[in-house]
Amino acid sequence: MRGPVVVVGDTLLDRDVEGVVNRLCPDSPVPVLDETAHVDRPGGAGLAAVFAAAQGAEVVLVTALADDAGGARLGVLLAAAGVQVYPLRLAGSTPEKIRLRAGGRVLLRHDRGGGAETPGEPAEAVLRVIERASVVLVSDYGRGVARQPALRAALAATRAPVVWDPHPRGPAAVPGVHLVTPNESEVQELVEAPAAATRLATAADGAERLRQRWRAGAVAVTLGADGALLSHAGSTPLVVPTPVAAEGDTCGAGDRFAVAAGLALGRGALLSEAVQEAVTEASAYVADGGVATALPLPVRRAPQAVHTAVAGDRVGVAAAAAAVARVRAAGGTVVATGGCFDLLHAGHVATLQAARQLGDCLVVCLNSDASVTGLKGPDRPVVRQDDRSRLLAALSCVDAVMIFDESTPAAALSWLRPDIWVKGGDYATGGGDDDCLPEAEILRRWGGHTVVVPYLDGRSTTGLIAATATRTGVGVSR
């Protein structure tokens with residue numbers, strides 16, 4: 001593929017809660033689920049992006065993330081999957097879907113969080129990445145991203161094949177998309193077609209109505225265990241049966257179908273070939289256990305965002321979200337910086353003070369103990385994360401501290417979306433080009449930029465540790 005696979009749409013936070021039921025509630029005749037485990041994962045467009053990345057593709061996700069703990073968790077999960085997030089601002093809270101399961105069956109689904117919201121304007125980098133895509137998948141979950149005017153204009157203008165996975169509460173596909181992939185209930189709701197003599201006739205009639213109404217190249221209606229029906233111009237509908245009968249958890253099967261079809265089209269496959277490949281992939285997905293087994297291991301093991309109350313209300317995801325929301329509501333500038341900040345010294349303080357002067361709040365992204373050890377070695381950090389965060393939060397120039405477990409702050413940045421990212425002057429090359437900073441490309445995704453501020457020479461944690469060891473005549477221990 002000549003360019004990335006670009007997924008555009010609404011991302012939700014999904015959680016599967018597994019448990020056992022061995023009694024009824026004493027005050028109501030309902031089962032009591034004793035939780036044994038839970039798994040968080042990106043849902044909606046996020047899940048489609050994870051599936052595409054698991055196939056080895058370069059994947060860009062254009063989605064809206066809220067300034068809350070759910071948005072931060074999605075940032076971590078998507079980064080663990082290798083998905084490049086190009087975020088839009090989402091007012092309100094992250095939508096969540098929680099499935100309570102026992103014995104392999106869903107007992108109840110609990111939905112919570114925000115309703116449909118109009119996302120913020122995309123940055124120029126978003127429009128450029130759609131333009132150079134090898135294939136675009138619009139994964140619409142009816143929450144507003146697919147309605148964004150600038151995105152729709154970019155989707156209509158791209159030369160890449162566009163696969164549109166619709167939602168009854170979402171907008172019409174932009175004219176000229178290559179393939180629309182509703183399930184049979186969605187297509188009936190979208191066109192309000194009357195039932196025909198047979199199930200296949202109903203699907204065929206609805207698909208053709210939808211194809212003509214949306215001026216799409218083709219419509220593939222998924223039929224569950226019976227495969228899919230492909231309707232395209234000037235031909236009899238093509239029915240693609242499943243290769244094997246499969247029963248199981250179908251959550252995410254539609255996303256898997258749309259992703260497989262999109263990847264095939266991006267490789268140059270014919271529509272009929274792409275739909276056949278998609279049916280095979282979706283059938284195997286259900287037969288193999290669905291999302292529980294298809295979710296990549298790094299996503300299943302992605303660490304939880306670190307929350308701590310040691311430094312009061314200025315440390316943690318909630319503190320960062322509150323500071324950012326307050327400044328954005330007033331039209332201000334959000335500044336962020338990051339690092340290990342082991343043995344806080346005058347060089348750190350100078351950088352933090354200079355960073356705070358560039359905007360209306362400063363959020364510090366702090367490497368966790370595990371992250372510092374991975375970067376610096378087994379003897380680091382000298383100071384544990386609770387104490388490091390307490391010291392940083394005590395500084396008047398710091399508005400919030402957010403601790404992250406990964407080796408880089410990429411996931412935290414995709415969620416925070418700061419207007420300015422600051423590094424100390426020891427990172428500069430002297431040429432004034434921010435391309436030397438690894439975070440620069442990430443900031444461009446939402447129109448932010450990186451800067452370097454002056455750094456006090458001769459101050460470093462490594463130097464302090466070495467000087468202490470020399471003076472005491474012993475090595476540094478933990």
Side-chain angles (χ1 to χ4, degrees), residues 1-11 44-45 48-49 52 57-64 84-90 116-182 186-187 190-191 207-220 230-234 255 258-259 261-271 274-275 445-447:
M1 292 185 182
R2 65 187 182 279
V5 175
V6 177
V7 180
V8 179
D10 312 290
T11 299
E58 177 191 359
V59 179
V60 165
L61 173 63
V62 178
T63 194
Q84 303 172 42
V85 180
Y86 282 58
L88 312 176
R89 185 182 177 187
L90 177 65
E117 297 280 354
T118 301
E121 288 290 321
E124 185 63 29
V126 172
L127 307 181
R128 287 199 303 268
V129 79
I130 293 174
E131 183 179 5
R132 66 182 182 88
S134 61
V135 64
V136 179
L137 168 61
V138 178
S139 183
D140 183 17
Y141 274 72
R143 292 182 173 271
V145 171
R147 294 185 184 276
Q148 214 288 328
L151 286 181
R152 292 182 66 82
L155 292 169
T158 184
R159 296 182 179 180
V162 177
V163 177
W164 196 287
D165 194 6
H167 192 282
R169 293 196 301 271
V174 297
V177 300
H178 286 62
L179 181 65
V180 182
T181 61
E186 288 170 342
V187 76
L190 285 165
V191 298
E208 182 58 20
R209 287 170 182 252
L210 185 61
R211 188 186 69 79
Q212 292 185 12
R213 178 180 298 179
W214 284 2
R215 289 182 283 167
V219 174
L230 174 64
S231 174
H232 50 114
D255 299 299
V259 167
L263 292 177
L265 290 174
R267 295 192 301 267
L270 300 175
L271 276 169
V275 172
R445 297 174 185 176
W446 54 87

Practice task
Give the C-alpha distance, both sets of side-chain angles, the deciding distance and a yes or no for side-chain contact (heavy atoms from CB on, under 4.5 Å) between Glu121 and Gln148.
Solution key: CA-CA 8 Å; Glu121 288 290 321; Gln148 214 288 328; 3.0 Å; yes
Problem - Steps toward side-chain contact (heavy atoms from CB on, under 4.5 Å) verdict (Leu151, Leu88) - result: CA-CA 11 Å; Leu151 286 181; Leu88 312 176; 3.8 Å; yes
Practice task
List the atom of Gly144, the atom of Asp10, and the distance in Å for their closest heavy-atom pair.
Solution key: N-OD1, 3.4 Å
Problem - Check: Thr63 side chain, Pro87 main-chain N or O, donor-acceptor pair, under 3.5 Å - result: no
Exercise for the section: For Ala172 and Trp214, work out which heavy atoms get closest and say how close. Expected result: CB-NE1, 3.2 Å
Practice task
Answer whether the closest heavy-atom distance between the side chains of Leu230 and Leu179 falls below 4.5 Å.
Solution key: yes
Problem - Sequence neighbours excluded, every pair satisfying side-chain hydrogen bond (donor to acceptor under 3.5 Å, both in side chains) that has a member inside residues 157-171 - result: Asp165-Thr181
Exercise for the section: State plainly whether the residues Arg128 and Glu131 are in salt-bridge range, i.e. N to O under 4.0 Å. Expected result: no
Practice task
Kindly give the heavy-atom pair with the smallest separation between Val187 and Ala207, and that separation in Å.
Solution key: CG2-N, 4.0 Å
Practice task
Quick one: closest heavy-atom pair of Ala218 and His232, and the distance?
Solution key: CB-CB, 3.8 Å
Problem - Gap between atom CD1 of Ile130 and atom OH of Tyr86 - 0.5 Å precision - result: 10.5 Å
Practice task
Tell me, please, which residues at least two apart from Arg152 pass side-chain hydrogen bond (donor to acceptor under 3.5 Å, both in side chains).
Solution key: none
Practice task
Assess whether side-chain contact (heavy atoms from CB on, under 4.5 Å) is satisfied between Leu271 and Leu265, documenting all intermediate values.
Solution key: CA-CA 7 Å; Leu271 276 169; Leu265 290 174; 4.1 Å; yes
Exercise for the section: Using modelled atom types only, decide if a donor and an acceptor are shared between the side chain of Arg445 and the backbone of Val85 within a distance under 3.5 Å. Expected result: yes
Exercise for the section: Check whether any side-chain heavy atom of Arg132 lies under 4.5 Å from a side-chain heavy atom of Pro4, and answer yes or no. Expected result: yes
Handout entry: Minimum heavy-atom distance between Pro161 and Ser134, given as atom pair plus value
Key = CD-O, 3.2 Å
Exercise for the section: Report yes if the side chains of Leu210 and Ser231 come closer than 4.5 Å at any heavy-atom pair, otherwise no. Expected result: no
Handout entry: Donor-acceptor under 3.5 Å (Arg213 side chain, Leu190 main chain)
Key = yes
Exercise for the section: Quickly, which of Arg215, Arg209, Glu208 forms a side-chain hydrogen bond (donor to acceptor under 3.5 Å, both in side chains) with Gln212? Name it, please. Expected result: Glu208
Problem - Residue pair Leu137, Val259: steps toward the side-chain contact (heavy atoms from CB on, under 4.5 Å) verdict - result: CA-CA 7 Å; Leu137 168 61; Val259 167; 3.7 Å; yes
Problem - Non-hydrogen atoms of Ala160 and Ala133 that approach each other most closely - result: CB-O, 3.3 Å
Exercise for the section: Please say which of Leu155, Val6, Val7 ends up in a side chain to side chain contact (heavy atoms under 4.5 Å, CB included) with Val138. Expected result: Leu155
